[in-house]
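What follows is a set of notes on a single structure, which appears directly below.
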Amino acid sequence: MTSANRPGPQASADSPLPEPGLSTVDTGGTPPGESGGTPPGNGGPPDTDILAADSRGGPTVLRMLLGTQLRRLREEAGITPDRAGYEIRASRSKISRLEHGRVSFKHRDVADLLTLYGVTDEQTRAGLLALVEQANAQGWWAKYSDILPDWFEAYLGLEAAASLIRTFELQFVHGLFQTEGYARAVTVLGHKAAPAEEVDRRVSLRMKRQDLLASQDAPRVWSVMDEAALRRPVGGQLQRLIEAADLPQVTIQVVPFRRGGHAGAGGSFTVLRFRQADLPDVAYIEQLTSALYLERRNDVDQYMEVMNRLSAEALTPAGTTRFLKEIIRET
């Protein structure tokens, strides 16, 4: 059983955000080819024009794509992660983080790795090295870095780059659908001693996330939530869910109490999918002071199976809207 199947006390991407902590990251991601990408050894240098075009997905996706290319080049050269780490005066775990796009790239490190991997074509080298700066660009959330845990900052990058976001929420409404009043109540719940200015900034961050739904290339968001998330008396939130459900790219479903136990009893989680074929799906499981990012095909498939079961157990989207209106009438 993996650590993801034995989570500790959980928050969610939409619960009271804890103070900055250390990341807990699964680093054994799906090898290229297992998720529909190009398998290693298919020949030819990386297409840096394609990588540059994918920069529209933001620096997070570009880091992931560059990491995937570096891993492919390393494997084709028959170089171990330990040997690659030694070359750039780092550890095996640093190579893993680079290849998963979890950390920023240093120009010198990438240049040294390309040399080690036998990449001598000047055009290929120049193209990849030119993309390092783009991959290190900051996202809109950088100005909130003083209040953002590093592990949640990574999630914001993935959320902004995803083409499909499937999420299950056990206790709180998903952050993409929270009203300002709800976001403030949840923030104060997790930061009772925070000064008013800090609370305002945390609420501002939650609201800024929602710009994603109005963007030109908005992802599809499929959110399933337990009825418990709806029973917290915060004004205006249920009406907001009804409005969000009318958006063409949004699907909202509720698992009512009358269904009894359900497949998501273990806690909240999110599965993100990207339009780039080289990028694997990512399962995100948030805990109180850290988060898991799972990319192994078997792990993600387990979470997707639970998500599909939850969707089948939940009310239909139309039934969910009727259910939300019933709760509004009751309160």
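The figures that follow rest on heavy atoms only: side chains count, while hydrogens, waters and symmetry mates do not. Just so it is clear, the structure is predicted and the values come from calculations on it, not from any experiment.
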Under 3.5 Å, is there a donor-acceptor pair between the side chain of S268 and the main chain of L170? yes
Say whether, by atom type as modelled, one donor and one acceptor occur between the side chain of Q237 and the main chain of L230 under 3.5 angstrom. no
Ring-plane angle category for Y182 and F172, please: parallel below 30°, perpendicular beyond 60°, tilted otherwise. perpendicular
Q216 CD: over 12 foreign heavy atoms closer than 6.0 Å: no
Would you say I147 and M207 are hydrophobically clustered, going by side-chain heavy atoms of ILVMFWY under 4.5 Å? no
Between Q69 and R72, is there a side-chain donor-acceptor contact under 3.5 Å, judged purely by atom types and distance? yes
Is any side-chain N of the basic residue among E87 and R74 closer than 4.0 Å to the acidic one's carboxylate O? no
Check the orientation of F177 and H174. Use parallel for under 30°, tilted for 30 to 60°, and perpendicular for over 60°. tilted
Report yes or no: do I327 and I252 belong to one cluster of Ile/Leu/Val/Met/Phe/Trp/Tyr joined by side chain heavy-atom distances under 4.5 Å? yes
Checking side-chain polar atoms at under 3.5 Å, does Y284 have a donor or acceptor matched by the opposite partner on E286? yes
R259 atom CZ, over 12 foreign heavy atoms within 6.0 Å: yes
Within the distance-only criterion (no hydrogens, no angle test), does the side chain of W151 pair as donor or acceptor with the backbone N or O of T289 below 3.5 angstrom? yes
Under the criterion side-chain contact (heavy atoms from CB on, under 4.5 Å), which of T187, V188, L189 is the partner of H191? T187
L310 vs E313, side-chain contact (heavy atoms from CB on, under 4.5 Å): CA-CA, chis, key distance, verdict: CA-CA 5 Å; L310 285 166; E313 294 169 0; 4.1 Å; yes
Any donor-acceptor pair under 3.5 Å linking the side chain of Q253 with the backbone of L315? yes
Please indicate whether Q249 has more than 12 foreign heavy atoms, meaning atoms of other residues, nucleotides or ligands, lying under 6.0 Å from its CD. yes
Grouping I, L, V, M, F, W and Y whenever their side-chain heavy atoms are under 4.5 Å apart, do L116 and L114 come out in a common cluster? yes
Answer yes or no: are there more than 12 heavy-atom neighbours, outside E180 itself, under 6.0 Å from its atom CD? no
Pair T167-E169, side-chain hydrogen bond (donor to acceptor under 3.5 Å, both in side chains): steps then yes or no: CA-CA 7 Å; T167 181; E169 298 294 335; 3.1 Å; yes
Reported CZ-to-NZ distance for the pair R201 and K143, which is rounded to 0.5 angstrom: 8.0 Å
Using atom types as modelled and distance alone, determine if a side-chain donor or acceptor of T115 lies under 3.5 Å from a backbone N or O of A111. yes
Is a donor on one side and an acceptor on the other found under 3.5 Å between the side chain of S204 and the backbone of D200? no
Under 4.5 Å between any side-chain heavy atoms of Q138 and S145, yes or no? no
